[in-house]
Amino acid sequence: GAVVSQHPSWVICKSGTSVKIECRSLDFQATTMFWYRQFPKQSLMLMATSNEGSKATYEQGVEKDKFLINHASLTLSTLTVTSAHPEDSSFYICSARGTGRSYEQYFGPGTRLTVT
Amino acid sequence: DAKTTQPTSMDCAEGRAANLPCNHSTISGNEYVYWYRQIHSQGPQYIIHGLKNNETNEMASLIITEDRKSSTLILPHATLRDTAVYYCFNLAAGNKLTFGGGTRVLVKP
């Protein structure tokens, strides 16, 4: 199956700083990438959808100025959590859907963010 | 997105078949049935999908009723590593996955 990687797998940062998370499709071109967030004991919540070369579409209630998404190439999307606060601590997961794969989404392993 | 309903949790014995049900009461003609699972602290993993015929791969089998209103995911010989939350979806081309609660499956020795 298609492989999606994320970097870093975990990160600890101080309150007020920004953190960038990378999502890469390793063996296919991802025309669409998705970013999810998951709090402990909860299900995944979709944050935003991005298409290569276009601005991301954010779900209701997700602050676009706080969660900056860049999908500059067909294999890379980044999520930057700006001015992070402890309540942003969560498990962030990306997924990718490629050309010719109009249904399946393939997920990365996730990035655990802890803001102190 | 169309919704599905699943039991909240179920236990199964290691080595036995695990049958996971899903109701797709609002599924439309262009939507496929998809199953994913999420093992603790990992990203979700694609398992299997189908339109109206039963499907089998190396991970599982998928049984879809004739009216497509329900499906069953079958793990033929459950192992401890199959302990996870399992999600079913109705998915059409270009749609995105939105997660409900899924079924929390605990495989016991």
Side-chain angles (χ1 to χ4, degrees), chain A residues 1-7 9-10 21 23-26 28 30-51 56-62 79 90-114, chain B residues 1-9 22 24 27-53 55 57-60 62 64 71 83-106:
Chain A
V3 179
V4 176
S5 70
Q6 278 184 246
H7 178 80
S9 55
W10 61 270
I21 302 170
C23 176
R24 293 181 185 273
S25 56
L26 298 186
F28 68 102
T31 51
T32 305
M33 286 187 169
F34 307 85
W35 286 95
Y36 293 82
R37 178 169 56 179
Q38 185 175 34
F39 293 108
K41 299 189 185 299
Q42 294 186 22
S43 192
L44 283 77
M45 184 192 77
L46 180 65
M47 299 174 68
T49 302
S50 72
N51 292 297
T57 301
Y58 290 82
E59 296 296 306
Q60 191 172 8
V62 178
L79 168 68
S90 187
F91 192 47
Y92 291 86
I93 306 168
C94 72
S95 73
R97 186 172 65 206
T99 57
R101 300 170 191 254
S102 57
Y103 293 80
E104 286 100 290
Q105 290 178 219
Y106 293 93
F107 288 81
T111 296
R112 187 160 302 281
L113 169 64
T114 302
Chain B
D1 289 350
K3 292 187 176 180
T4 60
T5 55
Q6 301 177 252
T8 304
S9 64
C22 178
H24 307 264
I27 194 168
S28 57
N30 65 336
E31 290 180 320
Y32 281 68
V33 172
Y34 268 76
W35 283 82
Y36 282 75
R37 73 179 182 183
Q38 185 182 26
I39 296 170
H40 182 64
S41 294
Q42 297 183 21
Q45 177 187 24
Y46 163 80
I47 301 174
I48 198 168
H49 75 279
L51 184 61
K52 52 185 177 181
N53 296 323
E55 302 288 343
N57 63 20
E58 64 278 5
M59 290 183 67
L62 174 61
I64 302 173
S71 71
T83 291
V85 181
Y86 288 76
Y87 299 93
C88 60
F89 302 90
N90 307 335
L91 192 62
N95 284 4
K96 53 199 174 187
L97 291 175
T98 53
F99 288 76
T103 297
R104 191 171 297 273
V105 173
L106 176 61

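- Across G94(B) and R97(A), no two heavy atoms sit closer than the pair O-NH2, 3.3 Å.
- Taking CG of L44(A) as the reference point, atom OH of Y36(B) lies at 11.5 Å (rounded to 0.5 Å).
- Using a 4.5 Å cut-off between heavy atoms, E59(A) touches chain B through its side chain atoms alone.
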Legend entry - Residues F107(A), Q42(B); criterion side chain to side chain contact (heavy atoms under 4.5 Å, CB included); working and verdict: CA-CA 9 Å; F107(A) 288 81; Q42(B) 297 183 21; over 6 Å; no
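- When heavy atoms are compared at a cutoff of 4.5 Å, Q38(A) approaches chain B solely by way of its side chain, counted from C-beta outward.
- Rounded to the nearest 0.5 angstrom, N95(B) CG and Q105(A) CD are separated by 9.5 Å.
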Legend entry - Verdict with supporting geometry, K96(B) and S95(A), side chain to side chain contact (heavy atoms under 4.5 Å, CB included): CA-CA 10 Å; K96(B) 53 199 174 187; S95(A) 73; over 6 Å; no
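- Closest approach of I93(A) and P44(B) over heavy atoms only: CG2-CD, 4.1 Å.
- Minimum interatomic distance between F91(A) and Q38(B) (heavy atoms only, all atoms of both residues): CE2-NE2, 4.3 Å.
- Of the two parts of H40(B), neither the backbone nor the side chain holds a non-hydrogen atom closer than 4.5 Å to a non-hydrogen atom of chain A.
- For F89(B), no part lies under 4.5 angstrom from a heavy atom of chain A.
- Under the 3.5 Å distance criterion, the side-chain polar atoms of S43(A) are matched with a main-chain donor or acceptor of G100(B).
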